[in-house]
Asker: 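Below: one structure in structure tokens.
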Amino acid sequence: MNQHGTQELSRPAGGQGRERLLSLVLTEDFRQRRRITVVLMTACVYLICAAILLYGARSGLFHAAGASTLAFICLATPAFFLALMRSSLNLRFSQPSLALPQAMCAQTLVAAAYAVSGPVHPATLVLLATVMVFGMFEMNTASVWKLMAYSIAAIGCVMALRSHQDPLAYPARLQLIYFVLAATVLPSISALSIQLRQMRERLRRQKAELESALHQTRRAATHDELTGLPNRRHMLTLLAEHVTRHERGGPDFMVALVDMDHFKQVNDSFGHRVGDDALTCFARQARIHLRSTDIVGRWGGEEFLLILPQSPPGDPNVGIERLRGALAVTEASKTAPHLRLAFSSGITRYVSGEDIDDVIERADQALYAAKSAGRNRTAVKLRPQQQAA
């Protein structure tokens, strides 16, 4: 058992050490990590190319001085871009990935490798396409075309120069064929990369639109369209959550039913548009003047349900009275500037173990008592055993 216990303890320590190492090398920023990872991937390719250049220089296949120098540059290039990424200096540029500068540096080195690789120089043309593929996901359309034009121009100049300097190793006729192939393949790869990028952007937009539609659908299912408050179904869910939390030792809470006073007269006198303005005014003021811990939802028609946790600063009715005072001086509708709103409310406390319907029924009875007592007031109704206590 001790042995197993030691293994369990060592795993988190190893995981933490691995995470610290990743943070040290790749930083903790997700986007920077992705950019640095790409640089490290290209560094592996650079490392292989440098090894080939050194091997060719030592075996006499390549121009020794040129290949050795180029191998050193191949090692220094990814180190330079890695330093830029790790120091966050790349964030000062409009395109922090530095995809175009990296790709242009790579194509320059490919062209240089073509010039010094002697009899195996045709093999380096594969790297031109490889660089185009590496950059396709990070560069925009303009950058892709720039890279393509630069790559064709660079390799064309090197082919022309080497066929003039060393016609035996670089026959002019073969260089012309190689150039035509490069000038045909690179635009094709560029066009394909642009199409892939456009597809990727389209999928990203569609994903964002679907997420937005899903969010709106969820909100429509849980919130009232007019007031933006939680609807009856969602308030029942929130009530159940508060009950569960209370049964597990959470705080007490109270439930209040609120009904707008003389709301039918508002609709009859001013029309349903003013009535809608009155409801939205109540919802807006409730968000402002109730406590941050209180939850208000539209229960139906001109009725609202409040969940009032028993928490500081004290009596949950304080927020209700603050709301009542605010509505008394607030213009409910621009169409009816003199209209002021009032409401009656009934409050009761949830008692452990009772059904939610019983709590709501008791709050409704308290609301009826408030209306019977003259409206524009709050009535509190407790369970019989609470009143006796």
Side-chain angles (χ1 to χ4, degrees), residues 8 12 211 214-260 279-280 282-327 343-371 377-389:
E8 290 297 320
E211 289 177 348
L214 180 60
H215 174 73
Q216 292 175 4
T217 301
R218 287 175 176 171
R219 183 170 180 81
T222 59
H223 287 73
D224 175 60
E225 183 178 1
L226 176 64
T227 62
L229 296 176
N231 59 22
R232 187 187 188 101
R233 182 186 298 108
H234 192 42
M235 288 300 291
L236 286 172
T237 300
L238 294 174
L239 268 173
E241 291 176 356
H242 276 73
V243 169
T244 301
R245 193 177 299 117
H246 178 271
E247 298 300 335
R248 293 176 178 175
D252 292 338
F253 66 94
M254 304 184 78
V255 174
L257 270 176
V258 172
D259 187 80
M260 308 289 293
L279 293 174
T280 55
F282 176 89
R284 183 171 57 252
Q285 294 300 318
R287 292 191 191 98
I288 295 173
H289 294 287
L290 292 177
R291 301 175 305 169
S292 60
T293 55
D294 298 336
I295 301 174
V296 57
R298 190 176 181 187
W299 194 241
E302 67 272 21
E303 277 193 335
F304 298 84
L305 183 74
L306 279 65
I307 303 174
L308 310 168
Q310 192 76 24
S311 60
D315 186 1
N317 192 40
V318 171
I320 294 178
E321 294 306 319
R322 189 165 55 238
L323 172 60
R324 194 190 308 279
L327 289 174
F343 64 86
S344 302
S345 57
I347 300 181
T348 189
R349 185 187 303 278
Y350 170 77
V351 177
S352 180
E354 70 175 327
D355 191 78
I356 291 178
D357 291 337
D358 294 336
V359 183
I360 297 174
E361 175 65 24
R362 196 162 59 251
D364 191 50
Q365 293 173 4
L367 172 62
Y368 181 79
K371 285 185 173 293
R377 67 192 65 211
T378 298
V380 180
K381 183 175 180 61
L382 303 177
R383 291 181 66 173
Q385 57 266 39
Q386 291 177 306
Q387 293 172 346

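Positions are given from 1 along the sequence. These numbers were taken from a predicted model, which means no experiment stands behind them.
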Asker: Using side chain to side chain contact (heavy atoms under 4.5 Å, CB included), reason through Arg287 and Leu229 one step at a time and then give a plain yes or no.
Answerer: CA-CA 9 Å; Arg287 292 191 191 98; Leu229 296 176; 3.7 Å; yes
Asker: Does the Arg219 side chain pair with the main chain of Thr222, one donor and one acceptor, at a distance under 3.5 Å?
Answerer: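 Pair absent, no side-chain N/O of Arg219 close to backbone of Thr222.
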Asker: For the side chain of Thr348 and the backbone of Lys381, is there at least one donor-acceptor N/O pair under 3.5 Å apart?
Answerer: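 At least one qualifying donor-acceptor pair exists.
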Asker: Please find the pair of heavy atoms, one from Ile347 and one from Ala256, that lie closest to each other, and give the distance.
Answerer: CG1-CB, 3.7 Å
Asker: Test of understanding: with side-chain hydrogen bond (donor to acceptor under 3.5 Å, both in side chains), list the residues that count as partners of Glu361, not counting sequence neighbours.
Answerer: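 With sequence neighbours excluded, Glu361 shows a side-chain hydrogen bond (donor to acceptor under 3.5 Å, both in side chains) to Gln365, given in chain and number order.
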Asker: Do Gln310 and Phe253 pass the side chain to side chain contact (heavy atoms under 4.5 Å, CB included) test, and can you show the C-alpha distance, the side-chain angles, and the key distance before you say yes or no?
Answerer: CA-CA 5 Å; Gln310 192 76 24; Phe253 66 94; 5.8 Å; no
Asker: For His234, what residues pass the ring pair (Phe, Tyr, Trp, His ring centres under 6.0 Å) criterion, not counting sequence neighbours?
Answerer: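 By the ring pair (Phe, Tyr, Trp, His ring centres under 6.0 Å) rule, His234 matches His223.
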Asker: Apply side chain to side chain contact (heavy atoms under 4.5 Å, CB included) to Tyr350 and Leu308, showing your working.
Answerer: CA-CA 10 Å; Tyr350 170 77; Leu308 310 168; over 6 Å; no
Asker: Applying side-chain hydrogen bond (donor to acceptor under 3.5 Å, both in side chains), can you list everything that pairs with Thr378, at least two apart in sequence or on another chain?
Answerer: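 With sequence neighbours excluded, Thr378 shows a side-chain hydrogen bond (donor to acceptor under 3.5 Å, both in side chains) to Glu321, Arg324, Ser345, given in chain and number order.
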Asker: Phe282: which residues meet the ring pair (Phe, Tyr, Trp, His ring centres under 6.0 Å) condition with it, sequence neighbours left out?
Answerer: Phe304, Phe343
Asker: Quick one: side-chain hydrogen bond (donor to acceptor under 3.5 Å, both in side chains) partners of Gln285, sequence neighbours excluded?
Answerer: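 Listed in chain order: His289.
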Asker: Check the surroundings of atom CD in Glu225: do more than 12 heavy atoms from other residues, nucleotides or ligands lie under 6.0 Å from it?
Answerer: no
Asker: Under the 3.5 angstrom rule, does the side chain of Arg291 hit a backbone N or O of Pro309 as a donor-acceptor pair?
Answerer: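 At least one qualifying donor-acceptor pair exists.
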Asker: Considering non-hydrogen atoms only, spot the tightest contact between Gly353 and Glu247 and give its length.
Answerer: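 Taking every non-hydrogen atom into account, N-OE2, 3.0 Å.
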Asker: Just how far is it from atom CD1 of Ile356 to atom CE of Met235, taken to the nearest 0.5 Å?
Answerer: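 Reported to 0.5 Å precision, the distance equals 11.0 Å.
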Asker: Can you measure from CZ (Arg298) to CD (Glu303) and round to the nearest 0.5 angstrom?
Answerer: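 With rounding to 0.5 Å, CZ (Arg298) is 10.5 Å from CD (Glu303).
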Asker: Let me confirm one number: the CG-CE distance from Asn317 to Met254, rounded to the nearest 0.5 Å.
Answerer: 8.0 Å
Asker: Which heavy atom of Val296 sits nearest to which heavy atom of Ala286, and what is that distance?
Answerer: CG1-CB, 4.1 Å
Asker: Would you call Trp299 and Asp224 a side-chain contact if the rule is heavy atoms closer than 4.5 Å?
Answerer: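 No, their side chains stay 4.5 Å or more apart.
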Asker: For the CD1 atom of Ile307 and the CG atom of Asp294, what is their distance to the nearest 0.5 Å?
Answerer: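 Rounded to the nearest 0.5 Å, the CD1-CG separation comes out at 9.5 Å.
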Asker: For residues 237-245, which side-chain donor-acceptor pairs fall under 3.5 Å, sequence neighbours excluded?
Answerer:
residue	atom	partner	partner atom	Å
Thr237	OG1	Arg233	O	3.3
His242	ND1	Leu238	O	2.9
Thr244	OG1	Ala240	O	3.0

Asker: Taking all non-hydrogen atoms of both residues, which atom of Ala366 and which atom of Gly346 are closest, and how far apart?
Answerer: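 Looks like CB-CA, 3.5 Å.
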Asker: Roughly how far, to the nearest 0.5 Å, is the CG atom of Leu305 from the CG atom of Asp364?
Answerer: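 It is 10.5 Å, given to the nearest 0.5 Å.
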Asker: Would you check, one step at a time, whether the test side chain to side chain contact (heavy atoms under 4.5 Å, CB included) holds for His246 with Asp252?
Answerer: CA-CA 6 Å; His246 178 271; Asp252 292 338; 2.8 Å; yes
Asker: What's the shortest heavy-atom distance between Leu290 and Leu306, and which atoms?
Answerer: CD1-CD2, 3.8 Å
